[in-house]
Amino acid sequence: MRTRKVSFHTVSCDICVNQKCLIKRNLSSSFVSNFADEKTEIQCKKGQQFIMEGAPVNGLFFILKGKVKVYRTGINGREQIVRLAKEGEIIGHRGFGTEEYYPIAAIAIEDSVLCYFSKDLLQEVLKKDASFTYDLMLFYANALNKSEARVKSLSQMTVRERVVDTLLFVNRKFGELNGFINLPLSRKEYADYAGTTEEQVIRTFSALKKEYLITSKGKKIGIVDVEKLKKEISEHNFYLDS
C-alpha cells in the first residue's frame, strides 16, 4: 500500500502563519531553510486518506491548513482514534525512524492542505543540523509523555468521564463556532477517541443534555457549562491539549 498524494504549487515557509510549526521555528538555519524549499504541498478533500496503515514510511506531513484524524485499527477492525490534529502539527511521526511501515492511518476531516517532506530529505537535514534534531527530539519526548499520561488517566475514568474529557479536549483544542464545537464529529468518532462504544456516547450525550450541560444540532455539539464539566474530571487532573 502507498500513501495517496496530489501535488500542487507550494507556499513558502517564510510566509507561513503557523508559528509553532517545527520547520517554521527553525528557518533561521540554512540547512532547514534549504530543506523547506524541497517540500511538496498536498491538498486533501474532506474524507481523503493520505496515510494508510501498513504503508511504507516515506516521510512526514505538516498540516498547513485544516484538521486531521489519526487512527489505527484495533480488534475486529474497529478504529481507535489516537489523535486529532490541526494547523502546524506533525502527522506520520509515529512511523518515522526505524519503522518501515506506518503503524497509523490519517484522514482529512475537512478540506486540508499538507506540507510533505520526504524521509530521505529529512534524514539528511537531521544529520547536518543539531539544533533542528534536538527540537524534533523534544517534540517526540513531549508526544510520548502526553500519550502515557492519557493512557493512565483514561484507564481510571468511568465511561461518562471519558466522554466528558473528550468533549472538553475537542472544545479546548478547536474552539467554538456559533455556539458549537468547531469540529463536528460523529458519535462513533467521539466513541473511538474516548475508548467506548457509540451507544454509550449517545446515552451519555442524552444525559448531559437533560442536565443542561451540552446542546446539540445534528453532529454539532455545544458545551453549555464548561466549568461544571471540568469539575466532573477534576480529580484526574487531566487537561492535555493534544
Side-chain angles (χ1 to χ4, degrees), residues 1-72 82-144 146-147 173 241-242:
M1 293 185 291
R2 297 179 179 177
T3 54
R4 188 178 175 188
K5 302 198 291 291
V6 181
S7 302
F8 296 84
H9 68 283
T10 58
V11 174
S12 172
C13 290
D14 290 321
I15 61 174
C16 179
V17 297
N18 296 321
Q19 298 297 325
K20 293 183 179 181
C21 174
L22 182 70
I23 304 299
K24 178 75 172 183
R25 291 201 308 262
N26 289 274
L27 278 181
S28 58
S29 163
S30 59
F31 294 119
V32 176
S33 181
N34 292 334
F35 161 69
D37 290 337
E38 300 298 321
K39 73 179 181 180
T40 301
E41 185 176 304
I42 302 166
Q43 298 191 17
C44 292
K45 293 292 185 181
K46 178 181 178 180
Q48 182 177 345
Q49 186 173 357
F50 61 92
I51 294 180
M52 295 184 181
E53 188 174 0
V57 173
N58 51 23
L60 288 181
F61 300 83
F62 293 73
I63 305 176
L64 177 61
K65 181 180 179 182
K67 300 179 182 70
V68 169
K69 175 176 71 175
V70 181
Y71 63 95
R72 63 193 312 165
V82 297
R83 193 165 162 231
L84 295 167
K86 61 180 182 178
E87 291 88 349
E89 296 191 52
I90 304 174
I91 303 295
H93 59 281
R94 290 175 182 266
F96 186 76
T98 58
E99 297 288 338
E100 295 183 4
Y101 302 96
Y102 288 111
I104 52 85
I107 187 170
I109 48 181
E110 68 177 30
D111 289 352
S112 302
V113 182
L114 311 169
C115 297
Y116 167 76
F117 296 89
S118 75
K119 178 179 178 180
D120 292 340
L121 283 173
L122 186 56
Q123 288 176 331
E124 183 179 341
V125 74
L126 287 172
K127 292 176 182 177
K128 293 179 179 178
D129 193 309
S131 178
F132 178 65
T133 303
Y134 180 69
D135 204 3
L136 183 61
M137 183 189 74
L138 291 179
F139 163 76
Y140 271 100
N142 188 43
L144 178 60
K146 287 181 177 180
S147 178
K173 181 161 187 173
D241 291 329
S242 61

Nearest 0.5 Å, what's the [atom1]-[atom2] distance between [X] and [Y]?
X    : Y    : atom1 : atom2 : value
Q19  : K24  : CD    : NZ    : 5.0 Å
I91  : I104 : CD1   : CD1   : 7.0 Å
L126 : K119 : CG    : NZ    : 12.0 Å
L122 : N58  : CG    : CG    : 11.5 Å
K127 : T133 : NZ    : OG1   : 10.5 Å

Parallel, tilted or perpendicular, as decided by the 30° and 60° cut-offs, for the rings of Y116 and F61: tilted

Could you check whether any side-chain heavy atom of [X] comes within less than 4.5 Å of a side-chain heavy atom of [Y], counting everything from C-beta outward?
X    : Y    : result
V125 : F117 : no
I63  : K86  : no
E124 : F35  : no
F50  : I42  : no

[X] (side chain) donor-acceptor with [Y] (main chain) under 3.5 angstrom:
X    : Y    : value
E100 : V57  : no
Q123 : D120 : no
S118 : G59  : no
N34  : S30  : yes
K173 : L84  : yes
S131 : D129 : no

Check whether more than 12 heavy atoms from other residues, nucleotides or ligands sit under 6.0 Å from atom NZ of K65, and answer yes or no. no

Got a sec: does the CZ of F139 have more than 12 other heavy atoms crowding it under 6.0 Å? yes

Using only heavy-atom distances, determine whether the side chains of N26 and D135 contain a donor-acceptor pair under 3.5 Å. yes

Are F132 and F31 close enough that their ring centers fall under 6.0 Å? no

